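Hydrogens, waters and symmetry mates play no part in the numbers below; they use all other heavy atoms, side chains included. Residue numbers start from 1 in every chain, and the chains themselves are labelled A, B, ... in the order their sequence lines are given, proteins ahead of strands. Everything quoted here is computed from the prediction, not taken from an experiment.
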Amino acid sequence: MNKSNDPFWWTLFGAGGAMAAMLVPILLFLAGVATPLGWIEAPSYASISAVMMHPIARIAAFSLISLSFFHWAHRFRFTLYDGLQLKHLFQLIAVVCYGGAFAGSLFAAWVLL
Amino acid sequence: MDSSSDYSLHHPKWHRDQKPIFWWIRRWVYICFIAREMTSVAVAYSAVLLVLLYRALQSGPEAYTELMACLSHPAMIVINVFALLAVLYHSITWFNLSPKAMVVRLGRWRVPDLMIAGGNYAAWFVISAVITWAYLAG
């Protein structure tokens, strides 16, 4: 991985980190914790579809998903590199992380768009 | 290597710092650092959940009901509580660091760190309130 690529990956990392910081906690709290515990009622299929399937919502959700994957790829890559001292696997780790994010984004695009 | 180089037996070994894999467990700040980096796993996991939700919504009402039933499984609730704690840690560390990554100047005046972080928290609150309202309206 060429050093000069770093600003590009860092931009994706930063955009994903910011978007996830704003949106993910409340979404996960509502759908993953509050609803399953019965604190609030699950929205009906018709109403949640109406909101989530709107083209603007789908584009926003796709951006959030894809950038979240690239955010993960960048952070996880350097955690393996520095944290686990896997410096000799530098290239392999980068390919697996960014490749995984790319594959996940393609799949998300296929589902959402 | 020729036979006269007996002294090469005493060639000094290269000095290399051998850091143990779990070097970061020795100090609390390092543990916090690794924990912060690992929140990215929870962020990616949440993104996967969102893809699954879209898949279910496109398959129809039965798939949606099935997914919500799956999310109600005790193991899933435990996983999601941990993931929620992780993404909250991500948000808080992100907003607190943002003034350091992004220095805003208005003319000669540098916008204080507290105002940038505060703006982030205010936006976070408003966005969360709007999403909650939309969710409950359903």
Side-chain angles (χ1 to χ4, degrees), chain A residues 13-14 16-18 20-38 40-53 58 61-62 64-79 82-86 100-101 104-105 107-108 111-112, chain B residues 18-24 33-34 36-55 57-58 60-61 64-65 68 71-74 76-77 79-81 83-84 87-88 90-95 98 101 120 123-124 127-129 131-132 134-138:
Chain A
F13 157 78
M22 288 288 173
L23 297 171
V24 168
I26 190 64
L27 291 173
L28 192 56
F29 172 74
L30 290 171
V33 178
T35 306
L37 286 176
I40 50 178
E41 216 174 304
S44 72
Y45 174 79
S47 62
I48 197 170
S49 296
V51 175
M52 304 272 290
M53 288 305 184
R58 282 200 277 180
F62 173 71
L64 173 64
I65 290 163
S66 177
L67 289 172
S68 291
F69 285 153
F70 280 101
H71 169 81
W72 163 81
H74 196 70
R75 267 201 156 160
F76 199 67
R77 168 193 175 197
F78 282 105
T79 311
D82 296 324
L84 296 183
Q85 301 288 306
L86 299 174
S105 300
F107 182 69
V111 172
L112 268 73
Chain B
Q18 281 288 332
K19 235 188 264 173
I21 286 179
F22 293 105
W23 59 270
W24 44 273
F33 163 72
I34 293 289
R36 191 192 74 196
E37 300 306 293
M38 292 311 274
T39 61
S40 61
V41 176
V43 168
Y45 163 78
S46 307
V48 170
L49 281 189
L50 192 52
V51 175
L52 292 181
L53 176 61
Y54 266 97
R55 239 169 101 92
L57 288 179
Q58 279 171 339
Y64 172 65
T65 314
M68 291 320 259
L71 289 178
S72 302
H73 190 281
M76 281 304 290
I77 295 178
I79 290 171
N80 285 333
V81 167
L84 177 62
V87 295
L88 283 172
H90 164 70
S91 297
I92 291 164
T93 52
W94 193 269
F95 296 146
S98 59
N120 273 307
W124 191 31
I127 289 169
S128 300
I131 292 176
T132 306
Y135 191 86
L136 292 179

Side chain, backbone, both or neither: which part of [X] has a non-hydrogen atom closer than 4.5 Å to chain B?
X	value
A:Val111	both
A:Phe78	neither
A:Leu67	neither
A:Thr79	side chain
A:Ala101	neither
A:Leu30	both
A:Ala34	neither

Rounded distance [0.5 Å steps], [atom1] in [X] versus [atom2] in [Y]:
X	Y	atom1	atom2	value
A:Ser49	B:Tyr54	OG	OH	9.5 Å
A:Leu27	B:Ile131	CG	CD1	4.5 Å
A:Phe76	B:Met38	CZ	CE	5.0 Å
B:Gln58	A:Arg58	CD	CZ	6.5 Å

Minimum heavy-atom separation for [X] to [Y], with atom names?
X	Y	value
B:Ser91	A:Pro25	OG-CG, 3.2 Å
B:Leu50	A:Met52	CD1-CE, 4.0 Å
A:Ala31	B:Met68	O-CE, 4.4 Å
A:Ala42	B:Tyr64	CB-OH, 4.2 Å

Looking at chain B, which one of [options] has the largest number of heavy-atom pairs inside 4.5 Å, strictly under?
options	value
A:Pro43, A:Ser66, A:Ser47	A:Pro43
A:Leu64, A:Leu112, A:Val24	A:Leu112
A:Ala61, A:Gly17, A:Ser68	A:Gly17
A:Val51, A:Leu23, A:Ile40	A:Ile40

Examine whether an atom of [X] lies under 4.5 Å from a heavy atom of chain A, and if so say whether it belongs to the side chain, the backbone or both; otherwise answer neither.
X	answer
B:Phe95	side chain
B:Leu84	both
B:Ser46	side chain
B:Leu53	side chain
B:Leu49	side chain

Select, from [options], the one with the greatest count of heavy-atom pairs under 4.5 Å involving chain A.
options	value
B:Pro61, B:Ala83, B:Ala47	B:Pro61
B:Val81, B:Val87, B:Leu57, B:Leu136	B:Leu57
B:Thr39, B:Thr132, B:Leu88	B:Thr132

Are A:Val33 and B:Met76 packed together at the side-chain level, in the sense that at least one heavy-atom pair is separated by less than 4.5 angstrom?
no
Do A:Thr35 and B:Tyr135 get their side chains close enough for a donor-acceptor pair, meaning under 3.5 Å?
yes
Verify side-chain contact (heavy atoms from CB on, under 4.5 Å) between A:Phe69 and B:Val43, making sure each step is shown before the conclusion.
CA-CA 8 Å; A:Phe69 285 153; B:Val43 168; over 6 Å; no
Parallel under 30°, tilted from 30 to 60°, perpendicular over 60°: which one fits the rings of A:His71 and B:His90?
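Taking B:His90 first and then A:His71, their aromatic rings stand perpendicular (interplane angle over 60°).
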Is a side-chain N or O of B:Trp124 found less than 3.5 angstrom from the main chain of A:Ala21, in a donor-acceptor match?
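Looks like yes, one N/O pair under 3.5 Å.
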Check whether more than 12 heavy atoms from other residues, nucleotides or ligands sit under 6.0 Å from atom CZ of B:Arg55, and answer yes or no.
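No.
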